[in-house]
Protein chains: 2
Amino acid sequence: MKIFSKNQLQRYPIYLKFFKEVEASGQKYISSPAIASVLGYSEEQIRKDLQAVSNDAGRPKKGREVKRLIETLENFLGYSEPIKAAVVGVGHLGVALMNYPNFSDMGLAIVAGFDIDQNKIGKEVAGKHIYSTEEMEEILPKFDINIIILTTPSKCAQEVADKAIRAGALAIWNFVPAHLQIPSHIVIENVNLASSLAILSHNLNSLMRLRKSI
Amino acid sequence: MKIFSKNQLQRYPIYLKFFKEVEASGQKYISSPAIASVLGYSEEQIRKDLQAVSNDAGRPKKGREVKRLIETLENFLGYSEPIKAAVVGVGHLGVALMNYPNFSDMGLAIVAGFDIDQNKIGKEVAGKHIYSTEEMEEILPKFDINIIILTTPSKCAQEVADKAIRAGALAIWNFVPAHLQIPSHIVIENVNLASSLAILSHNLNSLMRLRKSI
DNA sequence: AGCCTTTCAGTATTTTTTTATCGATATGAA
DNA sequence: TTCATATCGATAAAAAAATACTGAAAGGCT
């Protein structure tokens, strides 16, 4: 069984996105150096990444067939059969994610929302029904929902996550800036804006220091 | 000049968040093994990370002083003097970020919004004025805004980014799933949900395959 | 007061990831 | 058809990151 590093996995959707643009432009083949010059990775890394998921050999002087690359990546990333997810915590961020237009191209289908606010329960957001958090145990199996998108306030995130796991959730996509204690058989992926911002502001500070010193 | 890897930088906000919880619980000291057991990193890594930003030595049998750790990290991450940012593209996601309650604790102050929609221009969102994208060149310097939070539709992202850079933006926090071509003197940090989702669904698939094989 | 244990700092090792090298080969031009 | 070359695949080298190890010291316990 091949092992993919986190960094490597993160690159595949970026390749795919780019290949779709290339295809849209009418180009049939793309070479590693050409990809490298646009995406900013080294051409060796691109070869390694693509070789890891594809059986097709690239052709000298031409590169790889864009159409096949797209098929391969979409298949590898599981975009062919979308996974079902529900948003828990229909606040500003939850609503934004429910309306996010790109998930359908990313193999994700949000099919429901959950909240504790009586004013929201029973309403619809982006065409999806909002249920009470109490109903998770019933609704998740019913709609075959495996992934919980967690967008509650920080203070109730752990409690809600526990509840979701009891209700059968297999994976949690956590947008809450809190460290959840999760059993090891549950998949968790944290979207930590503070971490992303830390990189940004560190780089920005380096830049400013550089400028000042010149 | 010390160099910090991306992974390492991402961990600091996570440490900080945890230390604040520890402080709130009344605990005065925290040891690396104790941090490790909660956050799931190795204690060696934690020592290395903390030694890289702190001059204070930890004390055998006690660990490090929580209060000092918090000060040190807040200072390192630049939370003491927030950087100013503006959201460009006041759609669902833009609105969500403008309302995001945690940025003020993360050294970021969103002070304005920009959009091209006449219905939005002149309005307020989360107490911040929405300007026309055309006004960026005037408004960014006026409010001393260095960071652009990009949440436009994909198709106009590049164009808007170019405009923001002309208007003096130094850094772009890009929430748009598109690869921007950015001059090397501008800082860019991509929040790529597709990449995050790729990790999640890869792990979920591995889990399911494992289950099936048992 | 002395001993045992925990944790530390610093260094070494291992592992992982990225980058570089090299011969082979298909392509497009002469 | 032949030649020059861009690109490939595979492997090797380098760099970076994570992990493990070691001796020292502080804290608490008897």
Side-chain angles (χ1 to χ4, degrees), chain A residues 1-15 18-19 22 27-69 72-73 190 195 198-199 202-203 206, chain B residues 1-15 18-19 22 27-69 72-73 190 195 198-199 202-203 206:
Chain A
M1 181 60 191
K2 213 166 282 180
I3 289 184
F4 295 90
S5 77
K6 232 177 145 164
N7 287 351
Q8 193 177 7
L9 285 172
Q10 294 195 84
R11 287 191 290 266
Y12 288 116
I14 297 172
Y15 291 132
F18 174 61
F19 295 154
V22 171
Q27 201 178 322
K28 298 283 182 227
Y29 285 84
I30 184 97
S31 72
S32 299
I35 302 168
S37 76
V38 176
L39 298 189
Y41 307 133
S42 76
E43 58 180 89
E44 293 86 357
Q45 184 166 63
I46 288 163
R47 279 199 201 101
K48 243 188 80 176
D49 285 347
L50 297 182
Q51 282 170 18
V53 295
S54 164
N55 295 317
D56 310 337
R59 298 163 66 180
K61 290 276 264 191
K62 296 196 84 173
R64 291 177 167 78
E65 199 185 345
V66 177
K67 204 174 126 216
R68 291 284 296 133
L69 282 172
T72 303
L73 282 181
N190 295 295
S195 290
I199 297 171
H202 182 266
N203 290 338
S206 305
Chain B
M1 182 56 190
K2 213 167 281 178
I3 290 183
F4 295 90
S5 76
K6 228 175 149 163
N7 288 350
Q8 193 177 7
L9 285 173
Q10 293 195 83
R11 286 191 292 267
Y12 287 116
I14 296 173
Y15 291 133
F18 175 59
F19 294 155
V22 171
Q27 203 178 321
K28 298 283 182 224
Y29 285 84
I30 184 98
S31 72
S32 299
I35 302 170
S37 77
V38 176
L39 297 189
Y41 306 133
S42 76
E43 56 179 271
E44 292 85 355
Q45 184 167 65
I46 288 163
R47 279 200 200 101
K48 243 186 78 176
D49 284 348
L50 297 183
Q51 281 171 20
V53 294
S54 164
N55 295 316
D56 310 337
R59 298 162 66 181
K61 286 282 261 194
K62 296 197 83 174
R64 290 178 165 79
E65 199 185 345
V66 177
K67 206 176 124 211
R68 291 285 296 134
L69 282 172
T72 303
L73 283 181
N190 295 295
S195 290
I199 297 171
H202 182 265
N203 290 338
S206 306

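Computed from a predicted structure; not experimentally measured. The chains referred to below are lettered A, B, ... by the order of the sequence lines, with proteins before strands, and numbering in each begins at 1.
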Practice problem: Take the protein atom CD of B:E65 and the nucleotide atom C1' of D:dA26, then report the distance between them rounded to whole Å. | Solution: 16 Å

Exercise. Look at the side chain of A:Q27 and the backbone N and O of A:Y29, then say whether any donor-acceptor pair between them is shorter than 3.5 Å.
Key: yes

Practice problem: Looking only at non-hydrogen atoms, find the nearest pair between B:S42 and B:A36 and report the distance. | Solution: C-CB, 4.1 Å

Self-check item: Residue B:P33, side-chain atoms from C-beta onward, closest of D:dG28, C:dA26, C:dC8
Solution: C:dC8

Practice problem: Figure out the CG/C1' separation between A:L50 and D:dG9, and round it to whole Å. | Solution: 13 Å

Quiz item: Among D:dA26, D:dA6, D:dC21, which is the nearest nucleotide to the side chain of A:P60?
Solution: D:dA6

Quiz item: How about B:Y41 and B:D49: do any of their side-chain heavy atoms sit closer than 4.5 Å?
Solution: no

Quiz item: Is there a donor-acceptor pair closer than 3.5 Å between any side-chain N or O of A:S195 and the backbone N or O of B:Q10?
Solution: yes

Practice problem: Mind calculating the distance between CD1 (B:I35) and C1' (C:dT6) to the nearest angstrom? | Solution: 15 Å

Self-check item: Below 4.0 Å: OP1/OP2 of D:dA20 and any side-chain N or O of B:S42
Solution: no

Quiz prompt | Atom-pair distance (CD on A:Q8; P on C:dT17), nearest Å | solution = 8 Å

Quiz item: 5'-most contact on DNA chain C: A:F4 or A:K62, nearest heavy atom basis?
Solution: A:F4

Practice problem: Go through C:dT7, C:dT18, D:dG9 for me and flag the one nearest to the A:R47 side chain. | Solution: D:dG9

Quiz prompt | Phosphate OP1/OP2 of D:dA16 contacted by B:N7 side-chain N/O (<4.0 Å) | solution = no

Practice problem: Send over the distance from A:Q51 CD to D:dT7 P, rounded to a whole Å. | Solution: 16 Å

Quiz item: Taking side chain as C-beta onward, heavy atoms only, is A:F4 less than 4.5 Å from B:I199?
Solution: no

Quiz item: D:dA26, C:dT19, D:dA18: which one has an atom nearest the side-chain heavy atoms of A:E44?
Solution: C:dT19

Quiz item: To the nearest angstrom, how far is A:D49 atom CG from C:dT17 atom C1'?
Solution: 11 Å

Practice problem: Among the candidates D:dG9, C:dC8, C:dT19, find the nucleotide nearest to the side-chain atoms of A:Q45. | Solution: C:dT19

Practice problem: Rounded off to whole Å, could you give me the CZ-to-P distance for the B:R64 and C:dT7 pair? | Solution: 12 Å

Self-check item: Distance test, side-chain N/O of B:S31 to OP1/OP2 of C:dT7, below 4.0 Å
Solution: yes

Quiz item: What integer distance in Å separates B:Y29:OH from C:dC8:P?
Solution: 12 Å

Quiz prompt | Position toward the 5' end of DNA chain C (nearest nucleotide), B:K61 or A:I3 | solution = B:K61

